[in-house]
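No hydrogens, no waters, no symmetry mates; every other heavy atom, side chains included, goes into these values. Every value quoted in this text rests on a predicted model; they were computed, and no experiment measured them.
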Amino acid sequence: QVQLVESGGGLVQAGGSLRLSCAASRSVAGSNNMGWYRRAPGKELELVATITFGGTTNYADSVKGRFTISRDNAKNTVSLQMNSLKPEDTAVYYCNVRYLRTSDNYWGQGTQVTVSS
């Protein structure tokens with residue numbers, strides 16, 4: 001099993017910023033994608049952002065221009081810088097790692113982000 005531990009969540013006012021981090025217990029120096037997903041109250045899980053091993057990124061339209069995903073393959077971490085936060089960003093955010101060669105898919109326990117208006 002791969003353990004993913006998220007950190008950095010919290011309570012902020014609209015317009016503020018947070019940086020989420022996720023540390024993997026297994027090396028990510030290989031063929032894999034990392035990403036962040038979120039589940040808002042009463043909503044389905046949705047993709048926020050993904051990043052390939054080579055650094056190619058993909059963002060949900062709702063966060064483009066506000067969020068930035070990055071990874072440090074040497075440190076086995078992926079981060080999400082969230083700027084200009086909106087109340088609708090309130091959700092539990094989950095870290096994800098997908099190992100492409102084995103199709104193994106792992107999730108973190110989630111970290112709460114609450115944005116007040």
Side-chain angles (χ1 to χ4, degrees):
Q1 294 289 102
V2 175
Q3 183 178 10
L4 303 177
V5 180
E6 301 104 333
S7 62
L11 173 64
V12 298
Q13 292 184 329
S17 298
L18 284 174
R19 184 177 179 85
L20 306 182
S21 295
C22 173
S25 63
R26 172 173 154 186
S27 175
V28 297
S31 181
N32 64 78
N33 294 337
M34 305 184 78
W36 290 92
Y37 295 72
R38 67 186 181 187
R39 186 176 65 191
K43 302 290 183 64
E44 297 292 326
L45 189 71
E46 68 172 343
L47 182 148
V48 177
T50 60
I51 184 168
T52 68
F53 179 81
T56 301
T57 58
N58 182 47
Y59 296 92
D61 288 340
S62 60
V63 306
K64 285 182 179 177
R66 300 189 298 119
F67 291 9
T68 302
I69 189 171
S70 61
R71 63 188 290 166
D72 186 335
N73 294 326
K75 301 293 185 182
N76 298 330
T77 59
V78 60
S79 298
L80 185 69
Q81 179 66 45
M82 304 184 294
N83 298 326
S84 302
L85 283 162
K86 304 175 180 179
E88 52 262 45
D89 295 318
T90 295
V92 177
Y93 285 70
Y94 297 91
C95 177
N96 170 261
V97 178
R98 182 181 181 184
Y99 293 89
L100 302 181
R101 296 191 185 280
T102 63
S103 297
D104 292 331
N105 198 22
Y106 299 96
W107 297 87
Q109 81 287 348
T111 186
Q112 177 71 47
V113 171
T114 303
V115 184
S116 64
S117 59

Is a side-chain N or O of [X] found less than 3.5 angstrom from the main chain of [Y], in a donor-acceptor match?
X: N96; Y: W107; value: no
X: R19; Y: G8; value: no
X: E6; Y: G110; value: yes

Task: N32 side chain to R26 side chain, donor-acceptor N/O pair below 3.5 angstrom - done: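 Their side chains do not contain a donor-acceptor pair, so the 3.5 Å distance test is not met.
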
Open item on the list: Looking only at the side chains, is there a donor atom on one of Q81 and S79 sitting less than 3.5 Å from an acceptor on the other?
Closed with: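 Result is no, nothing qualifies.
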
Is [X] linked to [Y] within one hydrophobic cluster, defined over Ile, Leu, Val, Met, Phe, Trp and Tyr using a side-chain heavy-atom separation of less than 4.5 Å?
X: V63; Y: W36; answer: yes
X: V48; Y: V92; answer: no
X: Y99; Y: L4; answer: yes
X: L45; Y: L47; answer: yes

Open item on the list: Going by the rule side chain to side chain donor-acceptor pair (under 3.5 Å), which residues pair with D104 if we only count those two or more places apart in sequence or in a different chain?
Closed with: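 So D104 forms a side chain to side chain donor-acceptor pair (under 3.5 Å) with T102.
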
Task: Partner residues of Y94 under the side chain to side chain donor-acceptor pair (under 3.5 Å) criterion, sequence neighbours left out - done: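 Y94: side chain to side chain donor-acceptor pair (under 3.5 Å) contacts with R39.
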
Task: Heavy-atom pair of closest approach, residues G35 and I69 - done: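 Taking every non-hydrogen atom into account, CA-CD1, 3.9 Å.
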
Task: Nearest atoms (heavy-atom pairs only) where S17 meets S84 - done: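 Of all heavy-atom pairs spanning S17 and S84, the closest is OG-N, 4.3 Å.
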
Task: Sequence neighbours excluded - salt bridge (charged side-chain N to carboxylate O under 4.0 Å, His left out) pairs with any residue from residues 77-102 - done: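 As it turns out, the salt bridge (charged side-chain N to carboxylate O under 4.0 Å, His left out) pairs with a partner in residues 77-102, which skip direct neighbours, are R38-D89, R66-D89.
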
Rounded to the nearest 0.5 Å, what separation is found between the [atom1] atom of [X] and the [atom2] atom of [Y]?
X: N33; Y: R71; atom1: CG; atom2: CZ; answer: 7.5 Å
X: L80; Y: M34; atom1: CG; atom2: CE; answer: 12.0 Å
X: T52; Y: N58; atom1: OG1; atom2: CG; answer: 10.5 Å

Task: Validation row: V97, V2 side chains within 4.5 angstrom (heavy atoms) - done: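 The answer is no, as the side chains (C-beta and beyond) never meet within the 4.5 Å cut-off.
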
- [ ] Indicate yes or no: at least one non-hydrogen side-chain atom of V78 is less than 4.5 angstrom from one of V28.
- [x]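 Of all side-chain heavy-atom pairs linking V28 with V78, none is under 4.5 Å.
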
Open item on the list: According to ring pair (Phe, Tyr, Trp, His ring centres under 6.0 Å), who are the partners of Y106, at least two apart in sequence or on a separate chain?
Closed with: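 Applying ring pair (Phe, Tyr, Trp, His ring centres under 6.0 Å) to Y106 gives none.
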
Open item on the list: Go through it in stages, so that I can follow the logic: the residues are L20 and V113, the test is side chain to side chain contact (heavy atoms under 4.5 Å, CB included), and I'd like the CA-CA distance, side-chain angles, deciding distance and then a yes or no.
Closed with: CA-CA 9 Å; L20 306 182; V113 171; 4.0 Å; yes

Open item on the list: For V12, give me all partners under side-chain contact (heavy atoms from CB on, under 4.5 Å), at least two apart in sequence or on another chain.
Closed with: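 If we apply the side-chain contact (heavy atoms from CB on, under 4.5 Å) test to V12, skipping adjacent residues, the hits are L18, L85, V115.
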
- [ ] Provide the full list of disulfide bond (SG atoms under 2.5 Å apart) pairs with a residue in residues 13-98, sequence neighbours left out, each pair given once.
- [x]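 Passing the test, one end in residues 13-98: C22-C95.
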
